[in-house]
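Have a look at this one before I ask anything.
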Number of protein chains: 2
Amino acid sequence: MSNDLDPVFKALADPSRRRLLDALFERNGQTLGELCGQLDMTRQAVTKHLVLLEEAQLVAVVWRGREKLHYLNPVPIHAIAERWIGKFERQRLTALGDLKKALEEDHDA
Amino acid sequence: MSNDLDPVFKALADPSRRRLLDALFERNGQTLGELCGQLDMTRQAVTKHLVLLEEAQLVAVVWRGREKLHYLNPVPIHAIAERWIGKFERQRLTALGDLKKALEEDHDA
DNA sequence: TTGACATGCAACCCGAAGGTTGCATATTGA
DNA sequence: TCAATATGCAACCTTCGGGTTGCATGTCAA
């Protein structure tokens, strides 16, 4: 399994791509055509977004005849949650405390 | 509190900015100059990255004389974990199941 | 077998993003 | 008071990202 989260963060940075993930969350296994119906752009633009999602392994593809079915792969999101967000979540209250304290000291001065 | 996660996703998309967050994670409250020492680019470039982090509310700033102290604000990361990642994590096994099943059916055909 | 359908590929356009350099401003401490 | 320090502001350059259009390819169904 890849250990590089960068393509995942990049893929998640665009609202249209998050929207595609949401669409697959609503109904998994949609075709390209179906996904196009939910975004206000050309099929080619949607294809490009899906390519990025595939490269980040957020979406997996299965061909059925001439149709391309898209499936959500939750593993990279899980990896981000585990390896990245978890770290900050663990120190959350400490960081908030630092911030509060700094603001108070600033007020004094 | 802002409810818009887009600037947060955008801010997290760049490796240099994630690195800055990591640096503040290591030692909270660093000055601009200190943060510059940890990235291989000009001070102005670092400033630009920090502006994006501030706009996403991931970093809060306190001025102490001529020094600008940077503090981690864990709230937006928490928001992403709660409102966005949590949703996918909850359906994680279901999505993996869909994917596995689709791959098997593809194999049959 | 053929036309309609689902998708791929490639060139192109434009604005945004990341970086640089140069200069201005404010604070500090000797 | 003045030089060094810490930072801001603005113009500029190049690359990348998101979007389009046009055409090619492969599959299905009548």
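Quantities reported herein were computed from a predicted structural model and do not represent experimental measurements. The figures that follow rest on heavy atoms only: side chains count, while hydrogens, waters and symmetry mates do not. The sequence lines fix the lettering, A, B, ..., with proteins before strands; numbering per chain opens at 1.
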* Cluster question for you: counting only ILVMFWY and a side-chain heavy-atom cut-off of under 4.5 Å, with indirect links fine, are B/Ile77 and B/Phe25 together? -> yes

* To do: Let me know the distance between CD of A/Glu55 and C1' of D/dC16, rounded to the nearest Å.
  => 14 Å

* Please indicate whether B/Lys100 has more than 12 foreign heavy atoms, meaning atoms of other residues, nucleotides or ligands, lying under 6.0 Å from its NZ. => no

* To do: Let me know the distance between NZ of A/Lys10 and C1' of D/dG17, rounded to the nearest Å.
  => 11 Å

* Between B/Leu5 and B/Trp84, which heavy-atom pair has the shortest distance, and what is it? -> CD1-CB, 4.4 Å

* Identify, with sequence neighbours excluded, every residue that meets salt bridge (charged side-chain N to carboxylate O under 4.0 Å, His left out) alongside B/Glu34. => B/Arg27

Under 3.5 Å, sequence neighbours excluded: what are the donor-acceptor pairs made by side chains of residues 40-50 of chain A?
{"from": "A/Thr42", "atom 1": "OG1", "to": "A/Ala45", "atom 2": "N", "distance (Å)": "3.4"}
{"from": "A/Thr47", "atom 1": "OG1", "to": "A/Arg43", "atom 2": "O", "distance (Å)": "3.0"}
{"from": "A/His49", "atom 1": "ND1", "to": "A/Arg17", "atom 2": "NH1", "distance (Å)": "3.1"}

* Asked: Of the non-hydrogen atoms in B/Val8 and B/Asp4, which two are nearest, and what is the gap between them?
  -> CG2-O, 4.4 Å

* Please figure out whether A/Lys48 or B/Leu69 has its closest DNA chain D nucleotide nearer the 5' end. => B/Leu69

* Whole angstrom is fine here: how far is it from CG in A/Asp40 over to C1' in D/dG18? => 14 Å

* Asked: In terms of hydrophobic clusters joined by side-chain contacts under 4.5 Å, are A/Phe9 and B/Leu52 together?
  -> no

* **Polar pair under 3.5 Å, donor/acceptor by atom type, side chain A/Arg43, base D/dG19** => no

* Structure fact -> What one should report as the nearest heavy-atom pair of A/Pro76 and A/Leu58 is CB-CD2, 3.9 Å

* To do: May I have the distance from A/Leu12 (atom CG) to D/dG17 (atom P), rounded to whole angstrom?
  => 15 Å

* Asked: Closest nucleotide of DNA chain D for A/Thr42 versus for B/Glu34: which of these residues is on the 5' side?
  -> B/Glu34

* Asked: What's the CE-P distance between A/Met41 and D/dT20, to the nearest Å?
  -> 7 Å

* Structure fact -> Heavy-atom closest pair (B/Val61 atom, B/Lys68 atom, distance to 0.1 Å) is CG1-CG, 3.5 Å

* Asked: Is B/Glu55 salt-bridged to B/Lys10, cutoff N-O under 4.0 Å?
  -> no

* To do: Please state how far atom CG in A/Leu39 lies from atom P in D/dG18, giving the value in whole angstrom units.
  => 13 Å

* Could you pull out all residues at least two apart from A/Lys101 that satisfy salt bridge (charged side-chain N to carboxylate O under 4.0 Å, His left out)? => none

* To do: Remember a base hit wins even if backbone is also touched, and classify B/Leu52 as base, sugar-phosphate or nothing at under 4.0 Å, heavy atoms.
  => sugar-phosphate

* Range on DNA chain C touched by chain B - first to last nucleotide, heavy-atom distance under 4.0 Å -> C/dG18 to C/dT28

Between the protein and nucleotides 25-30 of chain D, list the N/O to N/O atom pairs that are separated by less than 3.5 angstrom.
{"from": "D/dT27", "atom 1": "O2", "to": "A/Arg66", "atom 2": "NH1", "distance (Å)": "3.1"}

* **Value in whole Å for how far the P atom of D/dT7 lies from CH2 of B/Trp63** => 7 Å

* Structure fact -> One would report the end-axis bend of the helix from C/dT1-D/dA30 to C/dA30-D/dT1, five pairs per end and rounded to 10 degrees, as 30°

